[in-house]
Visitor: 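A single structure is presented below for examination.
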Amino acid sequence: MVKGWNWEGFFEYLTNYYLFEGAMVTLGLTVFAISSGLVLGFFIALMRMSRHHFLSAPASFYIWIFRGTPLLVQLIIIYTGLPQLGIRFTVIQSTLLGLALCEAAYLAEIIRAGISAVPKGQVAAARAIGMTESQVMRYVIAPQAMRIIIPPLGNSVNSVLKTTSIASIISMEELLRRTQVLIQEKFLVLELFVVAAIYYLIMTTAWDLIQRRIERRFGKAYGPMSVGNH
Amino acid sequence: MADNRPVIEMQSVNKWYGPNFQVLKDCSLTVKRGEVVVICGPSGSGKSTLIKCVNGLEPVDNGRITVTGTDVTDRKTRLPALRAKVGMVFQHFELFPHMTITENLCIGQEKVLGRSPAEAKAKAAALLERVGLSAHAGKYPGQLSGGQQQRVAIARALAMDPQAMLFDEPTSALDPEMINEVLDVMVALAQEGMTMMVVTHEMGFARKVADRIVFMDQGEIVEIGDRGTFFDNPKTERARSFLSKILVH
């Protein structure tokens with residue numbers, strides 16, 4: 001039986017508050033995953049770049065595990081598997097934990113690449129005027145690394161916005177989960193998933209615009225007037 | 001001009017890169033207040049490494065280096081505090097590309113010396129005036145020529161009111177027509193009595209202002225002479241051969 005497209009149902013779901021809330025949860029999960037991933041990833045990147053094996057080896061191991069396994073498997077292990085060992089997390093806790101741990105591994109690699117791309121001479125120059133190691137990081141390495149990190153970081157934000165949908169598998173009530181729940185009402189499968197797709201598109205497009213502004217801000221010292229440094 | 005207090009003292013400094021390659025062999029050198037010492041020698045002779053050991057940018061394996069009495073080689077020495085007293089100018093300028101010229105001159109004054117932003121800006125403006133770059137204060141390093149960038153780099157080092165200045169091949173990365181604008185600033189600095197250690201191939205500069213010339217080859221200080229004797233009457237065959245190669249043209 002061909003049902004055809006139901007405009008009325010489509011607009012009803014497009015303005016549905018329950019779905020809108022789900023989209024806000026998706027947004028919240030993304031903000032949390034990226035910000036906690038950045039903090040955790042920064043320290044993992046520093047460990048990874050350390051000359052000391054006892055720091056770099058655990059960091060490499062961490063990155064290997066979390067980049068080498070699907071987030072889906074990680075979430076199921078955290079939510080469904082760990083209780084077997086007596087470690088229990090709620091759905092929300094499991095989702096936040098899984099997203100943060102996984103994203104930290106990806107962001108650690110992005111941050112490491114950004115820091116490594118700052119020329120060694122910059123560090124020498126900063127030390128030579130008497131900066132301490134943390135001042136060198138804060139005033140000289142970090143701002144220059146940021147410029148390199150922003151494009152891949154923006155990619156990560158875009159990707160995480162969509163990846164959060166995986167948490168629906170452990171019944172986290174984000175956009176996709178709520179879309180699936182609403183299907184039970186009228187079985188408007190196509191209309192509902194198109195609405196969900198539109199929400200995802202609005203969020204990723206908004207992020208694109210924000211990212212471009214950030215890139216301009218960090219790139220202003222390297223604008224079209226620039227003739228290159230070395 | 002030079003009084004007798006040593007600003008930089010190096011005693012029997014040795015340094016290896018790996019087990020088999022010794023970059024510095026038993027180097028000893030004293031630079032007195034107000035003295036200008038030029039270090040020359042073929043590439044790979046260890047002159048850049050030697051100058052980077054003075055402010056601890058390169059660690060030494062043994063020997064002793066003191067700067068205004070503070071032991072650089074002592075593990076307990078706070079190197080950042082010591083480095084703030086010694087200005088350094090690099091071959092590739094190394095201005096901070098994400099900061100304006102003024103910000104480049106202020107960051108060390110504010111964050112290391114704790115000067116107020118107003119005080120730092122005033123000092124920056126005076127130094128830019130001095131190196132003839134006031135018009136470029138608000139620009140970014142990428143918008144300046146190499147010679148201009150290097151003059152800013154000298155001003156940035158001077159902004160810290162250093163006791164001595166180290167120059168590591170300051171004109172080697174410059175186009176020929178920009179070399180003199182940088183050398184002029186350095187000559188003026190030397191004539192004002194700044195204590196300077198300069199690694200350079202610019203023998204014209206050495207003849208003009210160097211109190212002493214240090215010739216290095218294969219990690220050793222082969223010869224130290226005043227500018228007259230070194231150029232006209234070098235003591236060693238190695239120095240003679242080096243000079244004949246660079247002064248012929």
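Bear in mind the structure is a predicted one, so any value in this text is a computation, not a measurement. Naming convention: chains lettered A, B, ... in sequence-line order (proteins, then strands); numbering from 1 in each chain.
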Visitor: Between A/Glu133, A/Gln144, A/Arg147, who has the most heavy-atom pairs with chain B when the cutoff is under 4.5 Å?
Guide: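 It is A/Gln144.
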
Visitor: Counting only heavy atoms closer than 4.5 Å, note whether B/Val86 contacts chain A via side chain, backbone, both or neither.
Guide: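 Backbone only.
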
Visitor: Are B/Thr49 and B/Lys15 close enough that a side-chain donor and a side-chain acceptor fall under 3.5 Å?
Guide: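 No, no side-chain donor-acceptor pair sits under 3.5 Å.
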
Visitor: Which one, B/Gly108, B/Ala81, B/Ala84, leads in non-hydrogen pairs under 4.5 Å with chain A?
Guide: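 Going by pairs under 4.5 Å, I would pick B/Ala84.
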
Visitor: State plainly whether the residues A/Glu109 and A/Arg112 are in salt-bridge range, i.e. N to O under 4.0 Å.
Guide: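 Judged by the 4.0 Å cut-off on N to carboxylate O distance, A/Glu109 and A/Arg112 do form a salt bridge.
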
Visitor: Using the rule side-chain contact (heavy atoms from CB on, under 4.5 Å), only one of B/Leu29, B/Val54, B/Ile65, B/Val72 pairs with B/Val13; which is it?
Guide: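 Running side-chain contact (heavy atoms from CB on, under 4.5 Å) over B/Leu29, B/Val54, B/Ile65, B/Val72 with B/Val13 returns exactly one hit, B/Ile65.
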
Visitor: Does any backbone or side-chain atom of B/Phe90 lie under 4.5 Å from a heavy atom of chain A? Answer side chain, backbone, both or neither.
Guide: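 Answer is side chain: those atoms of B/Phe90 sit under 4.5 Å from chain A.
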
Visitor: Pick one: which of B/Asp71, B/Asp74, B/Thr73 meets side-chain hydrogen bond (donor to acceptor under 3.5 Å, both in side chains) with B/Arg64?
Guide: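 Among B/Asp71, B/Asp74, B/Thr73, the one that satisfies the side-chain hydrogen bond (donor to acceptor under 3.5 Å, both in side chains) with B/Arg64 is B/Asp71.
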
